[in-house]
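Structure first, then comments.
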Amino acid sequence: MMPRIMPLNRRTVLELLSGATLLVGMTRTRPLWAIATTAPTSGTASSSSPASTSGTAPKFKPDAHSALIVVDVQNCFITGGSLAVPHGEDVVPVINRIAPAFANVILTQDWHPPGHVSFASSHPGTKAFEMIHLRYGQQVLWPDHCVQGTPDAALDADLKLPQAELILRKGFHRDVDSYSAFREANRTTTTGLKGYLLERGIHTLFVTGLATDFCVAWTALDARAAGFDTLVVEDACRGIDLKGSVAAAWSAMTAAGVKRIQSSDIEAA
Ligand code: VGL
Ligand code: ZN
């Protein structure tokens, strides 16, 4: 299988940088786009290849080695929640429609203790959506959200994913945020997800959920860095979009070899 990583030449990096200041600013040691420079080249799943070549749009057929990853589809991120993503609830019917095609479904849950470091309320004199510098790098400050055990942190009740086999909680360390389902914002603490997937023989990930420009993007980029064949289902995601962050996220993901697909590209069960 050919490497799927696009080489990051100087021009690519500059192009990405111009639109990616927000994402780049959130990581200390390595800008987000730089993850692409170390991403392995081994995405091998046949399931991510077009299943049909004649006539119609290419289809992707999930197989036993594929998983649907549903990122943070929680009350906090949908209308009425503490950090509502515009039209966040619209991902739910799309996810419910494609889920039956998957033998493996994994959900993530943003799961912060009270007083979490990512909350503006934990930093007197700051306001939500400002950036501050923390020990591990730049951090966007958020309204209090997804506090452990609260109804706000619960998964959206309209999700129909009875077959889901893992709910992975992240962001539970008080002093470190975790957008990514793989690695926390200090970029060294891992969540165990990579090991889980490898032990289960899963190597292709179809990523959906909220928010495109934060937890979905960081999860997809870390999935690539960990060697997974990674597809983001665009219409099954919605973004927060701070200062062009959705476009920046897509640039970074595309450069890292993440495939941008639509739910209609996935063959129904
Ligand atoms: C998220 C901001 C803060 C997300 C989580 O799920 O994208 N965004 N915490
Ligand atoms: Zn959060």
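Indexing begins at 1, ligand by ligand and atom by atom, following the structure's order.
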Q. Is the shortest distance from a Lys or Arg side-chain nitrogen in Asp72 or Lys170 to a carboxylate oxygen in the other one below 4.0 Å?
A. yes

With a cut-off of 2.8 Å, does [X] place any N/O/S atom under that distance from the Zn ion (ligand 2)?
| X | answer |
| --- | --- |
| His112 | yes |
| Asp110 | yes |
| Cys146 | no |

Q) Are the side chain of Lys61 and the backbone of Ala268 linked by a donor-acceptor contact shorter than 3.5 Å? A) no

(Q) Whether the side chain of Arg174 engages the backbone of Gly171 through a donor-acceptor N/O pair (distance < 3.5 Å, no angle test) should be reported. (A)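 Such a contact is absent between Arg174 side chain and Gly171 backbone.
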
Q) Looking only at heavy atoms, is any part of Val71 under 4.0 Å from ligand 1, and if so is it the side chain, the backbone, or both, or is it neither? A) neither

Quick one: which ligand 1 atoms are inside 4.0 Å of a heavy atom on [X]?
| X | value |
| --- | --- |
| Ala211 | 4 (C), 6 (O), 7 (O) |
| Asp110 | 5 (C), 9 (N) |
| Asp72 | 4 (C), 6 (O) |
| His145 | 3 (C), 9 (N) |

Q) Looking only at heavy atoms of Gln74, does any of them come nearer than 4.0 Å to an atom of ligand 1? A) no

Q.
Considering non-hydrogen atoms of the protein only, which is the closest contact for atom 4 (C) of ligand 1, and what is the distance?
A. Cys215 SG, 2.8 Å

**Q.** Side-chain touch Ile106/Tyr196, heavy atoms, less than 4.5 angstrom
**A.** yes

(Q) Quick check: do Val70 and Phe102 have side-chain heavy atoms less than 4.5 Å from each other? (A)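 With C-beta onward as the side chain, the pair stays apart.
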
Q: For the residue pair Phe60 and Phe206, categorise the inter-ring angle as parallel (less than 30°), tilted (30 to 60°) or perpendicular (more than 60°).
A: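 Because their plane-to-plane angle is over 60°, the rings of Phe60 and Phe206 count as perpendicular.
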
Q) What's the shortest heavy-atom distance between Val147 and Thr150, and which atoms? A) O-OG1, 2.6 Å

